[in-house]
Amino acid sequence: MPGTTHGPSARPDGPRGLGIDADGPTVVGADAAGPTVGGAALDRALVLGVDADSALVEAVLATVDGAPVGTGRSGSANPTALPVAEVADHLGAAVRQALSGVDPAAVRGVVVGAAGVLRFSRGASADALAQVWASAGLTCPVRIVADAVTAFAAGTPEPAGSVLIAGAGAIAAHIDGEEVTDRIDGNGWLVGDDGSGFWIGRQAVRAVFAALDRRGEPTLLRHAVLAALTGHDDVPADPVEQVEVLRHAVYDGPPITLAGLAPLVPAAAEAGDRVAQRIVDRAVTLLVDTATALAGDDPAEPLVLAGSLLGRGSLIGREVARRLADHHGGQPVHAEKPAGGAAWLAAKRLNPDLRVDAHTRLTG
């Protein structure tokens, strides 16, 4: 495989578990400078955007002007939680789905937004993941950037601003071009990611333990959490047995499993559960604090919300947006399609004069 060159690093940060690494773009492949394409060649060119997230991989294939051609989806691409071979399999599956029925040689640009970008771009992981692109038949440069960059691009065509991401992990990042220039949190599940899906899931389990051993008040989360972690609704009736079952379920699985409990909490909160409401309120406060520690007070600077917890229709997403609008002076933008943001960045490199309506088609 051709050599790999590393872009400038915003900070000399290392891997961060569920967080996001602040690093410049990495380019893999020949002609790594990524020249623009003109004339008839531009009309025939395709771009591929990939969101390699800790929850799943999504790929979007499109024409340079934003017309969708193909999509793909596969499992997690978290290089700190999975063996690199499994990450490569998931990436390959999503890319092959998106390229189905298409000549890979027509793809002239690829951008991958990766959680844990340093692990994607260095050492043995880089060699293994580079084989994904070769196996898919791609011959163009592949740019690997932090997923904060593609999440921001999914929310706005502007080149600079801030993004708050809350999914399994949580981070706020300032973006300039294809680089993270500043960041708050994203320090991983063990010591950070405040207000994230993992944080919420852990709080839900703690609340259930407290309800079971009489330290806390009753909560709808009790049965929901037990059923989710055990995989069935038939849980013991005795609280002492429930404590034992819950403890084993928590410690028998990987810590990331707790992030999967996060959707149970806003659902219980909207059903009137006071315990869940307090967890939601605290999560919102932590996420807003993370964003406001980074974002300035200039309403003209874009502020993008991304990640599974911050969808525009979700309880947490709505409340975070409301509080940030009060602080920021402008309405945050919800990013729904990071893979489309990655495709936009790839297309923009081929055609710097690309119109904003292409961004709408790719990310809408």
Side-chain angles (χ1 to χ4, degrees), residues 2 5 7 24-52 57-73 91-92 94-114 132-134 136-161 175-179 302 304 306 333 335-364:
T5 59
T26 297
V27 186
V28 181
D31 198 18
T36 58
V37 178
L42 183 61
D43 294 336
R44 297 190 298 271
L46 299 176
V47 294
L48 180 67
V50 181
D51 177 41
V57 178
E58 290 188 299
V60 170
L61 183 69
T63 64
V64 171
D65 63 357
V69 175
T71 61
R73 172 179 282 201
L91 280 167
V95 168
R96 287 192 298 273
Q97 289 174 35
L99 291 173
S100 178
V102 173
D103 180 3
V107 180
R108 301 299 299 272
V110 180
V111 170
V112 181
V132 172
W133 324 124
L138 295 169
T139 57
C140 64
V142 176
R143 297 182 64 80
I144 302 175
V145 301
D147 56 352
V149 172
T150 50
F152 177 76
T156 176
E158 296 298 323
I175 308 300
D176 192 351
E178 292 185 4
E179 293 190 31
V304 174
V333 178
E336 306 288 355
K337 198 173 182 181
W344 162 258
L345 293 175
K348 190 72 173 174
R349 289 187 63 82
L350 293 180
N351 180 12
D353 298 322
L354 196 61
R355 292 162 54 96
V356 173
D357 57 355
H359 181 270
T360 302
R361 286 192 291 273
L362 287 167
T363 64

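All values below come from the heavy atoms of this structure, side chains included, with hydrogens, waters and symmetry mates left out.
- Nearest heavy-atom pair, Leu61 versus Ala98, reported as atom, atom and distance to 0.1 Å: CD2-O, 3.4 Å.
- The distance from the CG atom of Leu362 to the CG atom of Asp357 is 10.0 Å, given to the nearest 0.5 Å.
- Crowding of Arg361 atom CZ: a count of heavy atoms from other residues, nucleotides or ligands under 6.0 Å exceeding 12.
- Asp176 and Ala160 get closest at one heavy-atom pair: OD1-CB, 4.1 Å.
- Smallest separation of non-hydrogen atoms from Val60 and Ala339: CG2-CB, 3.7 Å.
- Among all heavy-atom pairs drawn from Ala358 and Leu354, the shortest one is CB-CG, 3.8 Å.
- Using modelled atom types, one side-chain atom of Gln97 and one backbone atom of Arg73 make a donor-acceptor pair closer than 3.5 Å.
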Apply side chain to side chain contact (heavy atoms under 4.5 Å, CB included) to the pair Asn351 and Val64, showing each step before the final yes or no. CA-CA 8 Å; Asn351 180 12; Val64 171; 4.0 Å; yes

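- At least one donor-acceptor pair closer than 3.5 Å links the side chain of His359 to the backbone N or O of Ala153.
- Under the side chain to side chain contact (heavy atoms under 4.5 Å, CB included) rule, Leu46 has a single partner from Val102, Val110, Leu99, which is Val102.
- Annotation: the span from Glu178 atom CD to Arg349 atom CZ amounts to 5.5 Å, rounded to 0.5 Å.
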Side chain to side chain contact (heavy atoms under 4.5 Å, CB included) evaluation trace for Leu138 with Leu48: CA-CA 10 Å; Leu138 295 169; Leu48 180 67; 4.1 Å; yes

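- Between Ala335 and Ala151, the shortest heavy-atom distance links the atoms CB-O, 3.5 Å.
- Of all non-hydrogen atoms in Cys140 and Gly109, the two that sit nearest each other are SG-N, 3.6 Å.
- Inter-residue side-chain proximity for Val95 and Trp133 is flagged as met; some heavy-atom pair is nearer than 4.5 Å.
- With values rounded to the nearest 0.5 angstrom, Thr150 atom OG1 is found 8.5 Å from Ile175 atom CD1.
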